Structure formats: C-alpha cells, structure tokens
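The structure appears right after this line, and notes come after that.
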Amino acid sequence: MEKRVRVRFAPSPTGGLHMGGVRTALFNYLFAKRHGGDFILRIEDTDQTRFVEGAEQYIIDALKWCGISPNEGVGFGDGPHKPYRQSERKASGIYKKYADKLIASGHAYYAFDTSEELDEMRKRLEAAKVVAPQYNAITRQNMRNSITLSAEEVQKLLAEGKPYVVRLNVPRNEEIRFNDIIRGWVVVNSAQVDDKVLLKSDGMPTYHLAHIVDDIEMQISHAVRGEEWLPSAPGHILIYRYLGLENDMPKLAHLPLILNPDGNGKISKRESRFPVFPLSWKDPREATPFIGYKESGYFPEAFVNVLALLGWNPGTNEEIFSLEEIAKVFDLERVHKSGAKFDPEKAKWFNQQYLRKHSDKELAALFKPTLIEKGYGNLSEQFIEDYCRLVKEKAQFVHEFWQYGSFILEEPTSYDEKVMAKKWNADVKALFVKLVDKFTALQKWDAHELHECFAAATTELGKLDMQVMRVLVTGVAGGPQLFDVMALIGKEKTLERFKTAFSKN
RNA sequence: GGCCCGUUCGUCUAGGGGUUAGGACACGUCCCUUUCACGGAUGAAACACGGGUUCGAUUCCCGUACGGGCUACCA
C-alpha cells in the first residue's frame with residue numbers, strides 16, 4: 001500500500017527565509033495538497049551557534065503571507081509528532097538513541113580529534129597533494145577514534161568525559177545509488193563520501209542524523225529539498241541502510257536552484273537590485289534591513305505564482321494560477337532538472353495581472369494610506385475608487401497609482417514643453433478659449449458630456465488637439481482617459497486649470 | 001582541483017527520432033484611439049559544440065565546452 005503523503009519544510013532559523021526557501025516550501029505544500037497529504041513545518045535548530053533572533057518567527061510570518069500553511073508544525077499548531085523543533089526533540093534522547101544503534105552495529109564510531117588535529121590532518125593532506133581532504137576510510141586510520149584506539153582507551157576517554165563526536169563509518173569503496181524523483185538514478189562511490197559527523201561534541205545531532213531520525217519518526221513520505229543537498233544524499237542513504245530503514249525512507253526529490261538573473265550563482269540577498277525576501281528582513285547582526293516583496297508592493301498571489309512557475313509548469317500555456325488551481329495539477333515529475341534564473345521584469349508583469357483582478361474598492365483601500373500620506377485624507381471613498389479605476393490599467397503596483405494620477409489632485413506647476421513647443425500658438429489658444437466657454441456652459445459634467453461637447457466644438461471650430469488639452473489640464477503628456485480625468489477633477493477645478501493655463505502660456 | 005547535477009529564443013519555458021521547433025516576459029512595427037492606456041496583429045530571436053546510433057537527431061548514447069551545486073563538529 002502506498003504511504004500517506006507527508007512532506008516537510010525544514011528550514012534552520014539562521015536568517016530570513018529567502019525566495020529559494022519559499023519555493024521549496026511551496027513545492028512541498030503543493031505536493032501535499034495534490035495528494036491529499038500533510039505538510040509539516042519543522043525547525044532545524046541543531047546549530048546553536050548560528051541561531052538568529054527573530055528568524056523563526058520570520059519564517060512563520062513569511063509562510064503565512066504567502067498562503068502556504070502547514071497543517072502541523074512550529075507556529076501552526078501541534079500535531080501527533082510534536083515537538084517540531086529539533087532542539088526540543090533532542091530532550092527525549094531520540095537522536096542519541098539512533099546514534100547508539102549505529103555504534104552498536106559498527107556503522108558509526110567515536111572520534112576524539114580536536115579541531116586543531118582536524119586542521120593538521122587537512123594541511124598534511126593538502127601538502128601531500130591530496131585534492132579533497134576528508135575524514136574517510138583512509139584518513140581515519142591516522143586519527144584518534146574508536147577504530148584506531150583500543151577498547152580500553154576508548155572507555156577511559158569516555159569515562160573521563162573527553163569531548164567526542166560520533167561519525168558514520170563509510171565503506172571505502174562501494175557504489176551507492178538512489179532514484180531521485182526529479183533526476184532519476186544518481187550513482188556515487190562511497191569513496192567520495194566522508195565519515196559524516198552524526199553527533200556533535202555538544203551532544204546535538206547534525207543535520208544529517210537529525211533529519212533522518214525526524215523524517216522516520218514523523219513518517220515523512222517524500223523529502224523534497226534543494227539541489228544543494230544532492231551531494232550529501234548518498235551519505236544519507238547509508239545512514240538509512242545501516243539503521244535498517246532503507247525501505248521506510250522517504251523518496252527523494254532534489255529541486256533545481258533559483259539563480260541570479262544576471263548570471264551566476266544561486267540567488268543571494270546581497271548584490272541584487274530586486275527583493276529576495278518575501279517580507280522585509282532585519283537581521284539583528286546587520287545595520288540595514290532587506291526590503292521584501294510585500295513591502296515592494298507585490299501581492300502574495302503574484303509572488304507565489306511567479307515562484308511556482310520557476311522550475312515547474314503545467315504543460316499548458318496558462319500562467320496565471322491560484323494556489324488552489326496549481327495544487328490540482330502539480331506534480332514533482334514535471335519539475336525541471338536545471339536551475340532557473342529569476343526574471344524581475346516578469347515578476348512585475350505577474351503583479352500587474354493580479355492588480356487587474358482586484359476591484360476598484362479593494363485597490364482604493366490599498367491606495368488610501370498613500371493618499372493620506374500625501375495629505376489627501378479627506379477624499380470620499382467614491383472619489384478614491386474612481387481614481388483607482390482610471391489609473392490602474394497602466395500600473396503594475398498600487399504604489400504607482402500616485403505617480404500615474406497625482407495630477408488629478410494637484411494642479412500643474414509646469415506644462416510639458418515638448419507638446420507645447422510643437423503644438424501651442426496664439427491661434428490654438430484662441431480656439432481653446434472658445435472651447436472652454438462651451439465647457440463652462442455644460443449643465444452636466446461627466447466624461448460622456450465632455451466628449452460630446454468636445455466633438456461638437458471640433459466640427460464647429462475646427463481641429464482641437466486632445467494632447468494639448470491634456471497638457472493644459474494636467475501639465476503632462478500622458479495619463480488615463482482625458483475626459484474621465486476631467487470629470488473626476490470636477491467642473492469648477494477643471495475650468496480654473498484652463499484659466500491658469502491660458503494665463504501662463 | 002575532485003565529485004555530483006545540468007544545458008531549447010536575452011529570460012521563463014512547451015515539445016520530442018521526421019514539427020514552418022509552440023507560448024509568455026522584455027524589445028521592434030502596425031492596427032484601434034483626435035489624448036493616454038489597455039487590447040489586437042505582427043516581427044526579430046533558440047535546440048552549446050564534436051563524434052556516434054539511425055534512412056533520419058534538437059530529441060537516444062559518448063565525449064568536449066560552459067554553467068551550477070557540494071567539498072565543516074552549517075544547514
């Protein structure tokens with residue numbers, strides 16, 4: 001029988017969760033939803049030296065903003081496998097129990113080497129032109145561990161409370177193969193795998209041991225993680241095997257990385273002209289915060305949509321998807337092998353698509369704070385909605401509403417020079433003065449009436465250039481439908497603007 | 001350096017032994033529009049290279065190049 005699908009996102013709280021991490025979480029979430037399974041958030045905080053204040057809460061907040069909610073885990077309610085923080089799970093002695101099992105069967109051993117001794121070993125190997133110095137079947141012979149030391153000596157060191165680590169006893173030359181859902185068969189010789197530390201000298205497990213123990217205990221069915229884990233997967237296979245759990249281990253899927261748009265390397269928070277964090281992230285160790293997608297004006301739906309299509313696609317030409325829609329068709333088999341460069345331009349386009357899906361009322365609510373900030377806190381709801389309706393067709397972000405429509409609220413202080421130089425003269429002015437007289441006589445002031453009036457005037461008086469009129473009223477050469485703009489500005493103010501324009505030009 | 005993974009327009013990608021190699025973003029042109037924008041149409045733009053296998057390879061295999069990842073008592 002197929003195992004129930006249970007997947008986990010297991011970040012370590014060592015900093016803000018960037019978009020690569022969010023994408024990993026997203027694919028796990030989507031996979032779980034697709035198969036009616038469970039999605040778990042587990043915090044891998046086994047490295048106490050790298051703990052960063054606020055990082056865990058940030059991870060939770062970021063997932064919430066994205067709409068990627070785990071159904072078990074830290075910050076999302078306990079489930080049957082609590083606790084979900086490895087530092088807390090350690091209290092039960094679970095990791096040590098598994099490590100002891102490996103020691104008992106001879107698949108792991110104690111190592112007493114100090115970090116200085118480790119350094120010396122590496123230097124010695126480098127001097128001997130060994131390209132990849134590692135603690136392995138060969139080098140362990142010259143180190144201080146329970147393989148080279150006598151049983152009595154080991155007992156003595158242990159009894160004295162000397163610090164030690166537990167290492168995996170990796171065979172010298174053995175083929176390790178595993179079938180990755182995304183990449184197919186991957187084959188590695190154990191000579192390439194080092195004797196990984198399983199238990200650190202502070203008693204904490206390393207990632208390698210901890211995630212395996214937890215995945216087994218939490219009955220995880222699929223381990224979906226970034227490609228950076230691919231090289232350590234063979235070691236993990238060995239651990240499962242030596243524990244007698246190879247048949248119970250989760251299926252592996254290594255996701256391609258998200259790459260920097262301008263070339264090389266995986267996406268990084270520095271040297272990037274676009275946000276890499278979903279929410280603004282202030283690292284307590286650094287002076288300046290990193291701005292997030294939320295604060296840059298992105299809708300979470302757009303952000304998540306972009307991410308979902310990085311390394312995966314449904315095989316159709318559709319691109320705009322809600323999380324629910326993607327969850328219906330998502331499949332790990334369709335995930336790419338190769339890394340994808342993130343395209344900030346396309347991300348903006350996605351945001352525009354979602355912007356247009358919002359009602360004027362919703363947009364008005366989002367835009368209102370900017371208006372208040374600019375000193376227009378007393379506008380009616382209707383006016384703000386109308387403003388948003390006019391301005392939204394060109395905008396990609398709500399915060400652009402101001403730059404695309406501020407002339408509706410603020411009188412022009414100058415007039416587009418190019419247009420005026422080309423199209424303005426005394427004759428044109430005389431014509432517009434007559435037009436404004438007709439506008440003045442209008443009983444009803446709306447876009448339709450204005451249009452009619454303008455059309456009639458054109459036949460009567462001759463050609464009147466609309467762009468010139470636009471500049472007269474707004475000062476600028478571009479913007480939303482002019483008659484709509486004039487209607488919204490209102491009769492009195494529009495006529496005033498014409499008068500001012502005539503006096504200044 | 002070693003090991004592992006990858007390589008279709010500038011970017012995200014569809015496709016897959018025989019196709020005019022399709023779509024999207026960005027870009028150009030045109031149409032719509034007396035303004036502006038949306039929209040529509042259209043154009044330029046890709047199978048990294050070299051060997052095989054095959055009647056035929058962009059598609060399968062092997063090399064090369066290039067790119068990326070990993071190489072800690074970090075995850």
Side-chain angles (χ1 to χ4, degrees), chain A residues 10-15 44-47 49-50 86 111 113-115 118 122 126 129-135 163-167 180 182-183 186-189 191-194 196-208 210-211 225-234 254 256-257 259-266 306 309-320 336-350 356 390-395 404 419 454-455 458 463-471 473-474 476-485:
Chain A
S12 59
T14 53
E44 311 230 326
D45 56 349
T46 52
D47 187 351
T49 64
R50 294 211 308 157
Q86 288 181 331
D113 316 282
T114 63
S115 54
L118 255 17
R122 290 192 188 101
E126 271 163 36
K129 298 272 194 288
V130 174
V131 283
Q134 58 175 16
Y135 208 114
Y164 67 88
V165 301
V166 174
R167 282 181 184 272
D180 187 282
I182 295 168
R183 283 148 211 286
V186 176
V187 186
V188 179
N189 191 287
Q192 305 301 329
V193 180
D194 68 339
K196 290 186 192 319
V197 171
L198 266 19
L199 235 39
K200 299 185 265 190
S201 57
D202 64 0
M204 276 288 193
T206 58
Y207 167 83
H208 304 296
H211 93 275
R225 73 231 300 195
E227 187 186 337
E228 67 268 29
W229 293 110
L230 201 48
S232 55
H254 289 94
L257 265 14
L259 274 15
N260 255 327
D262 34 293
N264 348 32
K266 52 178 174 176
V306 171
L309 258 23
L310 237 36
W312 175 87
N313 75 84
T316 67
N317 283 338
E318 279 178 88
E319 292 194 290
I320 305 299
H336 279 204
K337 293 179 174 77
S338 48
K341 286 181 190 165
F342 175 71
D343 183 358
E345 288 307 313
K346 192 150 186 182
K348 289 179 190 168
W349 177 80
F350 270 100
R356 290 180 188 167
L390 293 192
V391 116
K392 80 171 181 187
E393 54 189 21
K394 194 185 175 188
Y404 286 142
V419 173
F454 180 81
T458 303
K463 160 101 175 163
L464 286 152
D465 192 293
M466 271 192 75
Q467 197 177 28
V468 172
M469 182 158 79
R470 175 181 286 284
V471 173
V473 176
T474 68
V476 294
Q481 286 287 343
L482 220 209
F483 296 120
D484 285 322
V485 169

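Here the structure is a predicted model, which is why all the values come from computation and not from measurement.
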Base, sugar-phosphate, or nothing for Ala455(A), non-hydrogen atoms under 4.0 angstrom?
->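 Nothing, no nucleic acid heavy atom in range.
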
Could you tell me whether Lys348(A) contacts a base, only the sugar-phosphate backbone, or nothing, with contacts defined as non-hydrogen atoms closer than 4.0 Å?
->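 Counting heavy atoms under 4.0 Å across all strands, no contact is made by Lys348(A).
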
Just name whichever nucleotide pairs with [N], Watson-Crick or G-U, keeping both distances under 3.5 Å, else none.
| N | value |
| --- | --- |
| rU71(B) | rG1(B) |
| rG18(B) | rC55(B) |
| rC66(B) | rG6(B) |
| rA24(B) | rU11(B) |
| rC30(B) | rG40(B) |

Would you find a donor on one side and an acceptor on the other, under 3.5 Å apart, between the side chain of Gln134(A) and the backbone of Ala191(A)?
->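 Yes; judged by distance alone, with no hydrogens or angles, the pair exists.
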
Report, one pair per line, the protein and nucleotides 72-75 of chain B atoms (nitrogen or oxygen only) whose separation is under 3.5 Å.
from: rC73(B); atom 1: OP2; to: Arg122(A); atom 2: NH2; distance (Å): 3.4
from: rC73(B); atom 1: OP2; to: Arg167(A); atom 2: NH2; distance (Å): 3.2
from: rC73(B); atom 1: O2; to: Ser201(A); atom 2: N; distance (Å): 2.7
from: rC73(B); atom 1: O2; to: Ser201(A); atom 2: OG; distance (Å): 2.8
from: rC73(B); atom 1: N3; to: Ser201(A); atom 2: OG; distance (Å): 3.0
from: rC73(B); atom 1: N4; to: Asp113(A); atom 2: O; distance (Å): 3.1
from: rC74(B); atom 1: OP2; to: Lys200(A); atom 2: NZ; distance (Å): 3.3
from: rC74(B); atom 1: O2'; to: Asp47(A); atom 2: OD2; distance (Å): 3.1
from: rC74(B); atom 1: O2'; to: Arg50(A); atom 2: NE; distance (Å): 3.2
from: rC74(B); atom 1: O2'; to: Arg50(A); atom 2: NH2; distance (Å): 3.2
from: rC74(B); atom 1: O2; to: Arg50(A); atom 2: NH1; distance (Å): 3.3
from: rC74(B); atom 1: O2; to: Arg50(A); atom 2: NH2; distance (Å): 3.3
from: rA75(B); atom 1: OP1; to: Thr46(A); atom 2: OG1; distance (Å): 2.9
from: rA75(B); atom 1: OP1; to: Lys200(A); atom 2: NZ; distance (Å): 2.7
from: rA75(B); atom 1: OP2; to: Tyr207(A); atom 2: N; distance (Å): 3.2
from: rA75(B); atom 1: O3'; to: Glu44(A); atom 2: OE1; distance (Å): 3.4
from: rA75(B); atom 1: O2'; to: Ser12(A); atom 2: OG; distance (Å): 2.8

Taking the inter-plane angle between the rings of His208(A) and Trp229(A) on a 0 to 90° scale, is it parallel (under 30°), tilted (30 to 60°) or perpendicular (over 60°)?
->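 Ring orientation of His208(A) relative to Trp229(A): perpendicular.
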
Among Met204(A), Gln86(A), Lys200(A), the one residue meeting side chain to side chain contact (heavy atoms under 4.5 Å, CB included) with Asp47(A) =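 Exactly one pass, corresponding to Lys200(A).
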
Using the 3.5 Å cut-off, write out each protein N or O paired with an N or O of nucleotides 5-15 of chain B and the distance between them.
from: rC5(B); atom 1: O2'; to: Arg183(A); atom 2: NH1; distance (Å): 2.4
from: rC12(B); atom 1: OP1; to: Lys341(A); atom 2: N; distance (Å): 2.9
from: rC12(B); atom 1: O2'; to: Leu309(A); atom 2: O; distance (Å): 3.4
from: rU13(B); atom 1: OP1; to: Gly311(A); atom 2: N; distance (Å): 2.6
from: rU13(B); atom 1: O3'; to: Asn313(A); atom 2: ND2; distance (Å): 2.7
from: rU13(B); atom 1: O3'; to: His336(A); atom 2: NE2; distance (Å): 3.1
from: rA14(B); atom 1: OP1; to: Asn313(A); atom 2: ND2; distance (Å): 2.5
from: rA14(B); atom 1: OP1; to: His336(A); atom 2: NE2; distance (Å): 3.0
from: rA14(B); atom 1: OP2; to: His336(A); atom 2: NE2; distance (Å): 3.1
from: rG15(B); atom 1: OP1; to: Arg334(A); atom 2: NH1; distance (Å): 3.4
from: rG15(B); atom 1: OP1; to: Arg334(A); atom 2: NH2; distance (Å): 3.4

Taking atom C1' in both rG43(B) and rC4(B), compute the distance separating them and give it to the nearest angstrom.
->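 rG43(B) and rC4(B) have their C1' atoms separated by 43 Å.
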
Listed partners of Asp202(A) passing side-chain hydrogen bond (donor to acceptor under 3.5 Å, both in side chains), at least two apart |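 Testing Asp202(A) for side-chain hydrogen bond (donor to acceptor under 3.5 Å, both in side chains), a comparison that skips the adjacent residues, returns none.
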
